[in-house]
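Worksheet: the structure to be examined is printed underneath.
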Amino acid sequence: MVKSLEVAKWFVSLGKEPQNYLGAKWIPALLRRVPESGRPLWALRILSLSPHYFFDHDNPKYRGMSNTEYLEANFDAVTKSRENIYEKMLSRYLDANDTVLDYGCGPGFLAKATAPYVRKIYGLDLSLGAIECARIINSAENIEYIAVGKDGLDAIPDGGLNAVYSFAVIQHLTNEVFEIVLKNCYRKLKPGGQLLLHIQLNDETWKSEEEFRKDRSAKGRVKFKIGLHCFGRTEQEHIEIVSKHGFEIVEIKKLENFFTEFADEIRSQRLLVARRGD
Ligand SMILES: C[S@@+](CC[C@H](N)C(=O)[O-])C[C@H]1O[C@@H](n2cnc3c(N)ncnc32)[C@H](O)[C@@H]1O
């Protein structure tokens, strides 16, 4: 019952493309109608309709809280987690003069954490609703949020970026979409520009795209169509697909090297660092 409610929530917020949670056009329209003072809380409420954000209401640390208290506490927790990601990981790769793209920025927590330390950030996401929420809860003077479909990639100059980073995104992409993302990154990066991809290797809990697709039962097909895609790939598969698109692999680092405190949870996660060839 709870699961059906969850799926119904995702479904009403879906845009036209698969995986486009909060992509429905009613979301930005609604947020623009809310009085400005109420928009941040409404943005958090909207975000909790998606499987990507604010989905751990049952965590004992939120026990006894009202929904508003939970959303605000979770906002603080995600803000801190993204500050930690910038400090321990991205800060090693980005410079103060860099123009950077956050690919799949969602509601902009990591872009906001990174913005004080670079020249400019473009935050790009498939979802119109996530981008509208980012503009409300995570804006900064040097961040420009862009929805892939609406504003489009043309807002970013070709060959204009020093770096592209993408966190918690690649595992949600089919190979077909991953290749489109890599083509876009190649086009927007300067020659020699850095590509920083957070990746998930397949292990006993992370199935491959092929395994997902094999389930041809009615439930399996609905799951593939509207459920959240979560695919693992081998290190070699990542290397091949990234290299095929004109990037030279620099290093693949275990995420636990950056975040020793979460070593058990992130054992199969890596940071793939590559450079755009000429
Ligand atoms: C788990 S969220 C991560 C958000 C953010 N990177 C973070 O770490 O807080 C994954 C995001 O990827 C976005 N996404 C999925 N497919 C995409 C695509 N093809 N192009 C751009 N964004 C995409 C989703 O809309 C979602 O906001």
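For ligands, and for the atoms within them, numbers begin at 1 and follow the listed sequence.
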Determine, for K80 against E83, whether the closest basic-nitrogen to carboxylate-oxygen distance falls under 4.0 angstrom. no
Can you give me a line-by-line list of nitrogen or oxygen pairs between ligand 1 and the protein shorter than 3.5 Å?
from: ligand 1; atom 1: 6 (N); to: G104; atom 2: O; distance (Å): 2.8
from: ligand 1; atom 1: 6 (N); to: F167; atom 2: O; distance (Å): 2.8
from: ligand 1; atom 1: 8 (O); to: R82; atom 2: NE; distance (Å): 3.4
from: ligand 1; atom 1: 8 (O); to: R82; atom 2: NH2; distance (Å): 2.7
from: ligand 1; atom 1: 8 (O); to: F167; atom 2: O; distance (Å): 3.4
from: ligand 1; atom 1: 9 (O); to: R82; atom 2: NE; distance (Å): 3.2
from: ligand 1; atom 1: 9 (O); to: R82; atom 2: NH2; distance (Å): 3.3
from: ligand 1; atom 1: 22 (N); to: L126; atom 2: N; distance (Å): 3.2
from: ligand 1; atom 1: 25 (O); to: D125; atom 2: OD1; distance (Å): 2.6
from: ligand 1; atom 1: 27 (O); to: Y53; atom 2: OH; distance (Å): 2.5
from: ligand 1; atom 1: 27 (O); to: D125; atom 2: OD1; distance (Å): 3.4
from: ligand 1; atom 1: 27 (O); to: D125; atom 2: OD2; distance (Å): 2.7

Do the rings of Y86 and Y117 sit parallel, tilted or perpendicular, given the 30° and 60° boundaries? parallel
Pairs flagged by side chain to side chain donor-acceptor pair (under 3.5 Å) wherever residues 120-131 is involved - sequence neighbours left out: K120-E144
Tested for side-chain contact (heavy atoms from CB on, under 4.5 Å) against R270, the lone hit among H198, K253, E235 is E235
Applying salt bridge (charged side-chain N to carboxylate O under 4.0 Å, His left out), can you list everything that pairs with D154, at least two apart in sequence or on another chain? R187
With K190, which residues qualify under salt bridge (charged side-chain N to carboxylate O under 4.0 Å, His left out), at least two apart? none
